[in-house]
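Data block below; observations after.
No hydrogens, no waters, no symmetry mates; every other heavy atom, side chains included, goes into these values.
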Amino acid sequence: MILQDVDSLLYVDTDVLFLRPLDDIWAFLKQFNDTQLAAMAPEHEVPKIGWYSRFARHPFYGATGVNSGVMLMNLTRIRKQQFKNNMIPAGLSWEEMLHPLYQKYKNYITWGDQDLLNIIFYFNPENLFVFPCQWNYRPDHCMYGSNCKSAEEDGVSILHGNRGVYHDDKQPAFKAFYEVIRDYPFDGNLFQSMYYPLQSKFLESVHTLCGRVPQVFLKQVENTMKKVYEKRVMFYAGSRVRG
């Protein structure tokens, strides 16, 4: 409601790291059908160990809920939409709905805005586009054993270090990524200054379940290095031809 001149945006928590270009997740906006106006990843892949499916005291989306740490929003559509709800028979706009919804559920929500979003999309599932877990990969996807199939196949696209794992020793695989990217000189060599240190740090995390799947964490970094190298080769070759 504040950003009236903005059509769409990508919201992320401050503890996410992009392991591939932002353009790739932005492209999901073009995959929205006529009713979809936001996109998130599931909160969990396995209902029996998911938070919402075990503990939630309010409605939530799907079998495991959704996580709002990475969220695409088509603000134009959101501003125009009348949302179904369990407060009045008629639809409500986003602005009309949020405060009454909070008042109704404030004693039952734990995760703030994320819980409210789960309630909204429980009543309006046709408005949500769900993208794969690789786009919001959290410790929950490996700390009990690897359970994010899309990350196993394509690698992690966005790493979400919730639970403070970048700053403690509970999940050294996540901390390794944070520290290497934090210290990376962005004019440096990707292999020497990022990929090699990542491989070395991962050797220190093999005693954890997350550390036993290094290919899940490293695959997209490898793809990015390859693309950067190919672009440089093509640029160099083009320069020589013009010269």
Sequence neighbours left out, what pairs pass side-chain hydrogen bond (donor to acceptor under 3.5 Å, both in side chains) with at least one residue falling in residues 47-56?
Y52-Q114, Y52-D115, Y52-N118
Under the side-chain contact (heavy atoms from CB on, under 4.5 Å) rule, what do R212 and L209 come out as? Steps first, then yes or no, please.
CA-CA 5 Å; R212 293 176 190 173; L209 288 173; 3.6 Å; yes
Could you tell me if E153 and S150 have a donor-acceptor pair between their side chains, going purely by distance under 3.5 Å?
no
Is the shortest heavy-atom distance from the side chain of Q36 to the side chain of N74 under 4.5 Å?
no
For E179, all residues meeting side chain to side chain donor-acceptor pair (under 3.5 Å), sequence neighbours excluded
K201
Only counting residues at least two apart or in another chain, list the ones meeting ring pair (Phe, Tyr, Trp, His ring centres under 6.0 Å) with Y122.
none
Measure the acute angle between the ring planes of Y195 and F191, then classify it against the limits of 30° and 60° as parallel, tilted or perpendicular.
tilted
The criterion is ring pair (Phe, Tyr, Trp, His ring centres under 6.0 Å); which residues satisfy it with F123, sequence neighbours excluded?
none
Side-chain ion pair, E45 and K149, N-O less than 4.0 Å
no
Please enumerate all residues that pass side chain to side chain donor-acceptor pair (under 3.5 Å) together with H44, with sequence neighbours excluded.
none
Which other residues end up in the same hydrophobic cluster as I25, if Ile, Leu, Val, Met, Phe, Trp and Tyr are linked when side-chain heavy atoms come under 4.5 Å apart?
L10, V12, V16, F18, L22, W26, F28, L29, F32, V70, L72, F129, F131, W135, I158
By ring pair (Phe, Tyr, Trp, His ring centres under 6.0 Å), which residues pair with F121, not counting sequence neighbours?
none
Please check: side-chain N/O of K80 versus main-chain N/O of L75, any donor-acceptor pairing under 3.5 Å?
no
Which hydrophobic side chains are connected to I49, either touching it within the sub-4.5 Å cutoff or through other members that do?
V46, M143, Y144
Applying side chain to side chain donor-acceptor pair (under 3.5 Å), name anything that partners R20, two or more places apart in sequence or on another chain.
D24, S157
Taking atom types as modelled, is there a side-chain donor on S146 or E152 under 3.5 Å from an acceptor on the other?
yes
Output, in order, the C-alpha distance, side-chain angles, deciding distance and verdict of side chain to side chain donor-acceptor pair (under 3.5 Å) for H141 and N147.
CA-CA 5 Å; H141 292 120; N147 60 58; 4.7 Å; no
Quick one: ring pair (Phe, Tyr, Trp, His ring centres under 6.0 Å) partners of F177, sequence neighbours excluded?
none
Residues forming a side chain to side chain donor-acceptor pair (under 3.5 Å) with D7, sequence neighbours excluded:
T76
Residues at least two apart in sequence or cross-chain that pass side chain to side chain contact (heavy atoms under 4.5 Å, CB included) with K170, listed by chain then number, are D168
